[in-house]
Amino acid sequence: MLLEKIGNIPEIKKAEVINIPEDVEADVGIKIIPKNPKDRYKILEKLNDLEWEIYDKTGSLPVIYWEFEYKT
């Protein structure tokens, strides 16, 4: 469900679940490939809104490791 909602963000070209680095504590790791690197902060704002939406539904805030990849 989360990955589907992330994929619906117009500024995101691709999103995929990734392995979390060993030194990071998180519930899930997600790699984001934006359509335009300039949209990074707009994307982060929308991802933050999704996290709070999950919190509103579950009462628990997910810990998500976000990784951005910029293709040139």
Side-chain angles (χ1 to χ4, degrees):
M1 178 178 96
L2 177 63
L3 203 55
E4 183 180 323
K5 287 188 177 198
I6 292 169
N8 288 334
I9 295 173
E11 294 84 6
I12 293 178
K13 181 178 185 178
K14 183 179 179 183
E16 61 187 26
V17 175
I18 59 170
N19 291 328
I20 302 164
E22 290 183 25
D23 61 338
V24 174
E25 289 191 32
D27 298 318
V28 66
I30 299 178
K31 181 183 351 181
I32 303 290
I33 301 172
K35 290 178 182 175
N36 183 340
K38 294 178 182 179
D39 289 333
R40 177 181 167 87
Y41 293 106
K42 189 184 297 186
I43 292 169
L44 284 170
E45 185 177 309
K46 291 178 181 183
L47 294 173
N48 186 51
D49 290 344
L50 285 177
E51 288 177 290
W52 284 106
E53 185 179 312
I54 292 169
Y55 176 79
D56 288 341
K57 290 181 181 177
T58 66
S60 177
L61 190 62
V63 180
I64 301 173
Y65 170 76
W66 300 108
E67 181 176 299
F68 280 76
E69 181 178 312
Y70 302 101
K71 302 229 178 194
T72 53

Which is it for I64 and L50 under the side-chain contact (heavy atoms from CB on, under 4.5 Å) test, yes or no, and what are the steps along the way? CA-CA 11 Å; I64 301 173; L50 285 177; over 6 Å; no
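- I6 and V17 fall within a single hydrophobic cluster, where Ile, Leu, Val, Met, Phe, Trp and Tyr are joined by side-chain heavy atoms under 4.5 Å apart, directly or via other members.
- Closest heavy-atom contact between A26 and I20: O-CD1, 3.4 Å.
- Residue K42 places its NZ atom among 12 or fewer non-hydrogen atoms of other residues, nucleotides or ligands, all under 6.0 Å distant.
- Here the CD atom belonging to E16 is positioned 4.5 Å from the NZ atom belonging to K31, to the nearest 0.5 angstrom.
- Both I54 and I9 are assigned to one and the same hydrophobic cluster, defined by single-linkage of ILVMFWY side chains at heavy-atom distances under 4.5 Å.
- Counting only heavy atoms from C-beta outward, the side chains of K35 and E11 never approach each other to under 4.5 Å.
- Atoms CG and CG, on L44 and D49 in that order, are 11.0 Å from each other to the nearest 0.5 Å.
- Atom CZ of F68 sits in a crowded spot, with more than 12 heavy atoms from other residues, nucleotides or ligands closer than 6.0 Å.
- No chain of hydrophobic side-chain contacts below 4.5 Å, direct or via other Ile, Leu, Val, Met, Phe, Trp or Tyr residues, connects L61 to L2.
- Contact detail for K57 and K5: the closest heavy-atom pair is NZ-NZ, 3.7 Å.
- Listed for the D27 side chain is a donor-acceptor partner under 3.5 Å among the backbone atoms of V63.
- Applying the 6.0 Å contact sphere to CG of N19 captures no more than 12 heavy atoms from other residues, nucleotides or ligands.
- With hydrophobic clusters built from ILVMFWY side chains whose heavy atoms lie under 4.5 angstrom apart, Y41 shares a cluster with W66.
- In terms of heavy atoms, I32 sits closest to P34 at O-CD, 3.6 Å.
- Linking Ile, Leu, Val, Met, Phe, Trp and Tyr residues whenever their side-chain heavy atoms come within less than 4.5 Å leaves V24 and L47 in two separate clusters.
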As a quick check of understanding, evaluate side-chain contact (heavy atoms from CB on, under 4.5 Å) for R40 and I43, giving each step before the final call. CA-CA 5 Å; R40 177 181 167 87; I43 292 169; 5.8 Å; no
